Each structure stands twice: as C-alpha cells, then as structure tokens.
Chemist: 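Okay, here's the structure, questions in a sec.
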Amino acid sequence: MTPSYPNGLAIRDERRPRKGGAFLLALCAILTLNACSMQRAPTGLYAAGTVQDRDETTPIFLSTNRKRTDAAGGPFTADRSLALSFARFDVSAPANRALGQVPVGGNDPKRRFTAVYHDIDSRAQIIAQINATLERLPPQDREIFIFVHGYNNNISESLFRAAQIVSDFDIQSVPLHYAWPSAGSLPLYVFDRDSAIFARDGLADTIELAAQTKAKDIVLVAHSMGAFVAMEALRTLALRGKSRYFKRFGGVVLAAPDIDVDVFKGQVHDIGTLPSPFTILISQRDRAIGLSRFLAGGHPRVGNVDDIALLQRSGITVIDVSKVDGGGHTVFAQSETMTRLVENNRISHNALVTGQTQAAPIDFAEAVASSAIALPLTVFLPDGRRFTGNETGR
C-alpha cells in the first residue's frame, strides 16, 4: 500500500524498486564511462615534410580555438583554448569519391581524404598568406569563404567537410575553416553545446581577421550547432560596436541551424540589422534537428521552424529542402541533386552558396526548372513571396 500525506497526496514508497530511475542512472553512467572511448581520433593529417607532396590539393586556411598538440594525428585536440591558432591544410580527395561524400577514417589517400598541414604562427602571418592567395585569383573571385562545422566533429572530419563543399560546389573563393572544439563524440552533446558558447569570441575574432584582409567580400556558411556559434559571433561583434564588419559580407547561410527559436529571436534583437543577404536552409525531415527538438521538450528549433514569417520579418530568405534527397541533416552539402544544380546554374549558385537572391522570383524559378535536374525546393523571400522550382511567387 502506498503511504500518503494527511492531505491525501500520495508519496512514493522508497522500499519499492525504482526501475525507471535506476535505468536512467545506469544509462548516464554508461555514456559517461564510454564517452572518452567513443571520441574519434583525427585521421589523415600529416605535418609538412612527413609525406610526399601531392599534385592536386585544395588549400584550406584554418582558424581554431582547439588546443594545439604534438601528438600523432594532430595538430589540434578537442580541448579548448582561449587563444586562436592558425594553419594551412593542403587537402587531397580520393579520385573515385562520389559527389557529396567525405570518406574519412583512415590514412590511405587513394580511399580517404588526407591533408598536409603547415603551421601559421600569428594573426599577421595568416592575413599575409590569405592576401597573397587572394591576389592570385581573378578580381571577381577575391572572396573569403568561412565554413563553420556542426556538432560531433573532430578536426579532420570538419576540415574535410569544408574541402568537400569547396570542391563539389566549385567555390573559387579562399576557404577559411573555423574549427571550434567539438568533442567528436556522439554522447557529448552538452560538451559541444558548451563549446559552441565558448567558441563565439573566436569566430568573432576570425570574422574581424577576414575583414582586415584585401578580400572584397566574406561569405559565412555555418551548419547545425555551428549556426549557433555563427549567430553568437555576430551578436558579439554587434555588442562590441563592430557591426561595421557586416558590410563586408557577401552572404550568410545557416544550414540546418540547431538553435532554439526564442534564443534566435534574442540573438537577432541584439544583432540589430543582420548582414545581407541572409539565408537559412530548413527541413521538416531533418531527424537530427527533430531529436534536438525532442531533447528540448518539443520546443521548435530554427532548422525545422514552422513559422516562416518569423524569419522573413528579419529580412531572411528561407529555403525549404525537405523534399530534396530525403531532406536530411547534411543535405545542403551531400545531396548530389543540389550540388549538380548549384554547379550548373549561376543564379542557383548565388542563392544557395552566397545567399544572394536579388534575381526576380520568376528568374530564379526558371533557372531551377531549366536546370539539368529539377529540384523540389521552396524559397520564401523576405517580402513574403513564395515560389518553387517551376512556379512563380505568390
């Protein structure tokens, strides 16, 4: 019989087994004990001079607040550092790689992404090296493309994803990858969330660094939890009185942003006027964002928001990719359909890579419809119009 208080409220009989609580405690203990062992070690990274130079490589500059290490497979760990570190990676991709795919997890350059890294000692040195790279490009391509990775990435995984995007989307800009200290372990979501908060100042400093180069534009693309880092960095710049750097942006894209909607509204309020153009890619079929929403008690995330008008009122273009190749969490980077479309059509490239949608809706719709592959996406413009691949706005 369950005892009760005098007012009739039942209380738990502590002598009875609490199976649910015991199960949760055991689960937490297992995850805690296994967390370190489940961290994936970086692979495919070599210090300059330790391997033979390869002919075809993609140079990626790196800014990170991961801690440096001299260990094999370095040069950076999942530990946090208050100081930014810099490097350049010359990335090689396997010749038989499928479009949109990033084969990682080994050191065989014929089967996996690999990279040779060169340390850069200071902020002044990376600015000088970026400027030298910019000067070798045609004037119209003298942009910096900043990519910010998402949750559950080690240093090599996020770096190789940046290289895959640059290669598959034929991005001619200078790539600058911002690697924040994700643990690279599935159970350590809370660690990554804390690291995302920690990393905002480093990304703000990286944006400021990019703005001090000779680039004509900066394009910022952030994925998943990295979108939270990006919004916090923009907020940090605004609160520091450095919103002038927003004028240097040629576009901001948040892909599958793992951000609470109310938090996002607060970030937008503190930022004031967002950089323009500003584009968000959402999907109602993104299971990773759905899980994040479940963990948050069902509160909506920006990556699967239902209230599109909320975003449009802030001057944001919204692209719904729910029906594109399954609408998964990395469809923006991995979908062969999207990469083919962007690769084959300049208007689509501007809209999906740089966020520029100045073209009239009918022009964009015709561009999508006439592409080699029909793309079932829906675009919501800030002025309230909506259109899909082969229909005009309404």
Side-chain angles (χ1 to χ4, degrees), residues 59-68 75-76 78-89 117-134 142-150 153 155 158-159 161-163 165-166 171 173-182 192 195-255 257 267 271 274-275 278 354:
I60 307 283
F61 288 98
L62 178 87
S63 175
T64 183
N65 56 356
R66 290 175 177 268
K67 187 170 289 186
R68 283 189 180 273
F76 301 102
D79 295 327
R80 302 162 183 153
S81 170
L82 288 173
L84 281 176
S85 294
F86 309 107
R88 191 190 83 238
F89 290 80
Y117 60 86
H118 308 261
D119 288 330
I120 298 177
D121 292 333
S122 68
R123 181 188 184 99
Q125 284 189 10
I126 192 171
I127 289 175
Q129 290 194 27
I130 289 174
N131 281 337
T133 307
L134 287 167
R142 290 176 184 170
E143 297 178 333
I144 293 176
F145 170 72
I146 300 177
F147 175 68
V148 187
H149 64 86
N153 276 232
I155 183 68
S158 65
L159 173 74
R161 173 63 70 193
I165 292 171
V166 169
I171 295 173
S173 313
V174 175
L176 174 58
H177 175 41
Y178 180 69
W180 53 276
S182 164
D192 274 19
S195 286
I197 297 171
F198 173 85
R200 59 190 173 193
D201 288 351
L203 179 54
D205 291 341
T206 300
I207 292 170
E208 186 172 356
L209 177 157
Q212 292 169 352
T213 69
K214 296 178 181 179
K216 67 181 183 66
D217 286 315
I218 300 166
V219 174
L220 175 63
V221 175
H223 176 232
S224 187
M225 196 178 287
F228 176 83
V229 182
M231 288 298 294
E232 284 293 291
L234 296 176
R235 177 178 177 271
T236 295
L237 288 171
L239 295 178
R240 289 177 180 174
K242 297 183 177 181
S243 299
R244 63 185 181 277
Y245 292 128
F246 297 170
K247 296 179 181 179
R248 298 295 305 278
F249 280 105
V252 175
V253 179
L254 306 184
Q267 291 168 328
I271 292 169
L274 292 172
F278 200 105
T354 69

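Predicted model, so just to flag it, every value in this text is computed and none were measured.
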Chemist: Would you say Val252 and Phe246 make side-chain contact, with heavy atoms under 4.5 Å?
Modeler: no

Chemist: Restricting to side chain to side chain contact (heavy atoms under 4.5 Å, CB included), what partner residues turn up for Gln212, sequence neighbours left out?
Modeler: Arg123, Ile127, Glu208, Tyr245

Chemist: Quick one: closest heavy-atom pair of Phe76 and Ser85, and the distance?
Modeler: CE2-CB, 3.6 Å

Chemist: Using only atom types and a distance under 3.5 Å, with no angle test, would you say the side chain of Tyr178 pairs donor to acceptor with the backbone of Gly226?
Modeler: no

Chemist: Testing the basics here: between Ala204 and Leu237, what is the closest heavy-atom pair and its distance to 0.1 Å?
Modeler: O-CD2, 3.8 Å

Chemist: Of all the heavy-atom pairs spanning Pro175 and Ile60, show the shortest one and how long it is.
Modeler: CB-CD1, 3.6 Å

Chemist: Is it true that atom NZ of Lys242 has more than 12 heavy atoms of other residues, nucleotides or ligands lying nearer than 6.0 Å?
Modeler: yes

Chemist: Which heavy-atom pair separates Ala230 from Leu254 by the least distance, and what is that distance?
Modeler: CB-CD2, 4.2 Å

Chemist: Is the backbone of Ile207 close enough, under 3.5 Å, to the side chain of Arg248 for a donor and an acceptor to pair up by distance?
Modeler: no

Chemist: Between the main-chain N or O of Lys214 and the side-chain N or O of Asn131, is there a donor-acceptor pair closer than 3.5 Å?
Modeler: yes

Chemist: Once rounded to the nearest 0.5 Å, what's the spacing between atom OG1 of Thr236 and atom CE of Met231?
Modeler: 11.0 Å

Chemist: Does Leu62 offer a backbone N or O that forms a donor-acceptor pair with the side chain of His177 under 3.5 Å?
Modeler: no

Chemist: Between CG of Asp79 and CG of Asn65, what distance do you get to the nearest 0.5 Å?
Modeler: 11.5 Å

Chemist: Considering residues at least two apart in sequence or located in another chain, which fulfil the side chain to side chain donor-acceptor pair (under 3.5 Å) criterion with Asp192?
Modeler: Ser182

Chemist: Would you say Ser195 and Arg80 are linked by a side-chain donor-acceptor pair, where the criterion is simply a distance under 3.5 Å?
Modeler: yes

Chemist: Does a side-chain heavy-atom distance below 4.5 Å link Phe89 with Pro75?
Modeler: yes

Chemist: Mind checking what makes side chain to side chain contact (heavy atoms under 4.5 Å, CB included) contact with Arg142, not counting sequence neighbours?
Modeler: Leu134, Leu137, Pro139

Chemist: Nearest 0.5 Å, please: how far is CD1 in Ile126 from CG in Leu84?
Modeler: 9.0 Å

Chemist: I want to check something: taking the side chain as every heavy atom from C-beta on, are Ile165 and Phe145 in contact at a cut-off of under 4.5 Å?
Modeler: yes

Chemist: Which atom pair, heavy atoms only, marks the closest approach of Leu176 to Ser63?
Modeler: CD1-N, 4.1 Å

Chemist: Hey, what do you get for CG (Leu159) to CZ (Phe147), rounding to the nearest 0.5 Å?
Modeler: 10.5 Å

Chemist: In Å, rounded to the nearest 0.5 Å, how long is the span from CE of Met225 to CG of Asn153?
Modeler: 10.5 Å

Chemist: Please work out which of the three classes, parallel, tilted or perpendicular, describes the rings of Trp180 and His149, given edges at 30° and 60°.
Modeler: parallel

Chemist: Do Phe278 and Leu234 have side chains that approach each other closer than 4.5 Å (heavy atoms only, starting at C-beta)?
Modeler: yes

Chemist: Identify the two heavy atoms, one from Ala78 and one from Arg66, that lie closest to each other, and give their separation to 0.1 Å.
Modeler: CA-NH1, 3.4 Å

Chemist: Distance check, rounded to the nearest 0.5 Å: Phe86 atom CZ versus Asp119 atom CG?
Modeler: 12.0 Å

